[in-house]
Amino acid sequence: MENKVLADIFYEIADFLDIEPTKSSKFEIMAYKKAGLTIETLQEPIEDIYKKYGKKGLMSLPGIGSGLADKIEEFIKTGKIKKYNEFKKKYPIDLRQLTNIEGIGARKAILLYKKLGIRNIADLKRSIEQNKISKLQNFGPKSQDSIKRSIELLEKSKGRILLGVALPLAEQIVEQLKKSNLTDKIEISGSIRRMRETIGDIDILAVSNQSKKLMDFFSELNDVENIIVKGETKTTVWLKAGISCDLRVVKNKSFASALQYFTGNKEHNINIREIAISKNLKLNEYGLFDNKNKFIYCSNENDIYEKLGMQYMPPEMREDRGEIKLAQSHKIPKLVELKDLKGDLHVHTDDSDGENSLEEMAAAAQNNKLEYIAITNHTKSLKIANGLDEKRFSNLFERIDKLNQKIQESANKLILLKSAEVDILKNGTLDLDKKTLDQMDCVIGAVHSYFKMEKNEMTSRIIKAIESSNINILAHPTGRLINERPGYLLDIEKIFEACEKNNVILEINSFPNRLDLNDTNILLASKYNVMFSIDTDSHRAEHLKFLKYGTGTARRGWLAKEKIINSKSLDQLKQIFKK
DNA sequence: GCCGTTTTCGGCCCGACTGTTTTCAGTCG
């Protein structure tokens, strides 16, 4: 059973509840939505949790109490939920699909069903063509038009886009807004600031005393396809890139609280606000207020958290995963920063499937002020990537030696490490002979074939490689590609355990569609005494810049630089690899 | 529906924007 299926049912129940509001349904709706989110973002099948720990296990999940645990149990046992089926019988419509349309919520969807029998988007499109929506009470020509546009956008939208796409896009928009000279302060907020792996929309926050002009400037940018809403403090546009972008303008004195508010996430903010209330304060996007509604000036976010009795919290941690308690007891770790990273241990060249030569990658690394990079080309069985055999590796290592010598004469010191991204074959053995592996400074092991193995088989396969004492780093441990394919079936905690025992380092692959390990797996792995390596998996010189995405992911996993091997000097690193 | 360092009842975040109203409901984040 997929968690998403159950999560969607909970979301839909929440929508159904919204149709006939009662005094308490507002909160029941919130409960279903919160539980839906919990289930959707769970890292293991909810069925497994139920099998292992029963109803109690379900109830230990945030937002799931006795009532909803019963519903989950019912679903696992019978494949359905009575309450949901009753709603479905009364309103046989595709509510999830319809409410996906911007501007249509549950109540409008039901209204459309009752008046026009609309059950899904296809029905809705037909009614728009026949000009029926605009004649409905409470709707008008503008509503019909906006629904029509929303459907078009939905059909074009690719859903959440990669952080690696959204961040550069947001930076480029911010640059243009800065150049307008209409803003005094401007920051990217929202999920980009939290460095989430995928982004649903771009949020930008600005201070301006020419708000109207700024909004005009923003909505007329070249990147904009059309305007969704436009006001003096909030404007939303649809970008040609296929994502929406919000610009919000606040007064200077509200900037800190607005930045806190719009960075989120929502659950984190709700908790923070509740803490404010418990201290007889009120926090909203305009500021912090005392019980007489008197404004309390905060010059930055640090000020706000401090006045609430907490330690400052890096944006990447604000996901309501226990960070608030940590901040209250002043135990927020000092997270790794991009500038802490001294090297990159996963870099390809055109010897296998990279696009740049050894020399070009070395030059790029020097430009990026890296002290060392490991040249990790693919091995022979990965034919599609032009993997190297023992003989070609031997030749490559001679070239690396020569280039290292040459570089030592230049100003920007850099050491190239002899390495490989060795294939972990189907039976768990490595794709190179021991003699060749022994010549390397370090070895990365990775799975690139037979993804569809059974869970136990795949777990043993990888553990065999970890125990071989021939690899130092396990690359992209789960093999997932964001928005493309899930990871292979794996008992991930057994992998972490094996890494701890055998001193094998876990990679945090920074490639934007990998980010593997991801934040939740890093948090899980942190229960074990393991180290991590933030690597780019560069296949081109520009890819070396991806370190920032891996760093963001590590920060989302609460990692301090002490846990990151490539924050260490080369000498320290070699000590670690010797083990 | 959930939840608890004011615990088993009584709270539960809150403001912006829009369209169609003529004072507000619905939607969104």
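So that the names make sense, note that chain A is the first sequence line, chain B the second, and so on, each numbered from 1.
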**Request:** May I ask you to decide if the ring planes of A:Phe16 and A:Tyr91 are parallel, tilted or perpendicular, using 30° and 60° as cut-offs?
**Result:**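 Geometry flag for A:Tyr91 against A:Phe16: parallel rings.
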How is [X] classified with respect to the nucleic acid when contacts are heavy atoms under 4.0 Å: base, sugar-phosphate, or nothing?
| X | value |
| --- | --- |
| A:Ile104 | sugar-phosphate |
| A:Glu232 | sugar-phosphate |
| A:Tyr286 | sugar-phosphate |
| A:Lys83 | sugar-phosphate |
| A:Ser66 | sugar-phosphate |
| A:Ile101 | sugar-phosphate |

For atom [atom1], what is the distance between [N] and [M], given to the nearest Å?
| N | M | atom1 | answer |
| --- | --- | --- | --- |
| B:dG26 | B:dT20 | C1' | 11 Å |
| B:dC13 | B:dC3 | P | 13 Å |
| B:dG1 | B:dT5 | C1' | 24 Å |
| B:dT6 | B:dC12 | P | 15 Å |
| B:dT7 | B:dC2 | C1' | 13 Å |
| B:dC17 | B:dT23 | C1' | 16 Å |
| B:dG11 | B:dA16 | P | 26 Å |

In whole angstrom, what separates [X]'s [atom1] from [N]'s [atom2]?
| X | N | atom1 | atom2 | result |
| --- | --- | --- | --- | --- |
| A:Phe262 | B:dG29 | CZ | P | 12 Å |
| A:Ile133 | B:dG26 | CD1 | P | 17 Å |
| A:Phe139 | B:dT27 | CZ | P | 8 Å |
| A:Leu136 | B:dT20 | CG | P | 11 Å |
| A:Ile272 | B:dC13 | CD1 | P | 13 Å |
| A:Phe27 | B:dG4 | CZ | P | 17 Å |
| A:Ile29 | B:dC28 | CD1 | P | 13 Å |
| A:Arg107 | B:dT20 | CZ | P | 18 Å |

Among [options], find the nucleotide with the atom closest to the side chain of [X].
| X | options | result |
| --- | --- | --- |
| A:Glu274 | B:dG1, B:dT27, B:dC12 | B:dC12 |
| A:Leu68 | B:dC2, B:dT18, B:dC12 | B:dC2 |
| A:Ile277 | B:dA16, B:dC14, B:dT20 | B:dC14 |
| A:Lys282 | B:dC12, B:dC14, B:dG26 | B:dC14 |
| A:Asn284 | B:dG26, B:dC2, B:dG15 | B:dG15 |
| A:Met30 | B:dT21, B:dC13, B:dC2 | B:dC13 |

Think [X] has a side-chain N or O under 4.0 angstrom from the OP1 or OP2 of [N]?
| X | N | value |
| --- | --- | --- |
| A:Thr236 | B:dC28 | no |
| A:Lys34 | B:dC3 | no |
| A:Ser278 | B:dT6 | no |

**A:Tyr286 six-ring centre to A:Lys251 NZ/CZ under 6.0 Å and within 45° of normal** =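 No cation-pi geometry.
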**Prompt:** Is A:Glu129 paired with A:Lys148 through a side-chain N to carboxylate O contact shorter than 4.0 Å?
**Reply:**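 Salt bridge between A:Lys148 and A:Glu129, a charged N being under 4.0 Å from a carboxylate O: no.
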**Complete:** Secondary structure of DNA chain B per the Watson-Crick/G-U criterion (both distances under 3.5 Å; [ ] crossing, | other strand, . unpaired) is ((((....)))).((((((....))))))
**Item:** Flag side-chain contact, heavy atom, 4.5 Å: A:Glu285 against A:Gln260
**Value:**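 Not in contact.
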Flag for [Y]-[X]: side-chain donor and acceptor within less than 3.5 Å:
| X | Y | result |
| --- | --- | --- |
| A:Tyr84 | A:Glu12 | yes |
| A:Gln176 | A:Asp223 | yes |
| A:Asp203 | A:Ser189 | no |

**Request:** Specify the glycosidic conformation (syn or anti) of B:dT7, with syn defined as within 90° of 0.
**Result:**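 What B:dT7 shows is a syn base, its glycosidic angle lying within 90° of 0.
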**Atom CZ of A:Phe295 with >12 non-hydrogen neighbours under 6.0 angstrom** =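 Buried by this count: over 12 neighbours within 6.0 Å.
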**Request:** Please tell me which of A:Lys71 and A:Gly140 maps to the more 5' nucleotide of DNA chain B, matching each residue to the nucleotide holding its nearest heavy atom.
**Result:**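 In this pair, the answer is A:Lys71.
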**Item:** Pairwise 5' ranking along DNA chain B for A:Lys234 and A:Ser134, keeping only the more 5' one
**Value:**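 Upstream on the strand: A:Lys234.
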**Request:** Check whether the side chain of A:Tyr261 and the base of B:dG15 form a donor-acceptor pair under 3.5 Å.
**Result:**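 No such pair is found, so the answer is no.
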**Item:** Among A:Leu95, A:Ile147, A:Ile121, side chain to side chain contact (heavy atoms under 4.5 Å, CB included) partner for A:Ile104
**Value:**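 The passing option is A:Ile147.
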**Request:** Starting at CD1 of A:Ile277, measure out to CG of A:Leu283 and round the result to the nearest 0.5 Å.
**Result:**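 Answer for the CD1-CG pair, A:Ile277 versus A:Leu283, is 9.5 Å.
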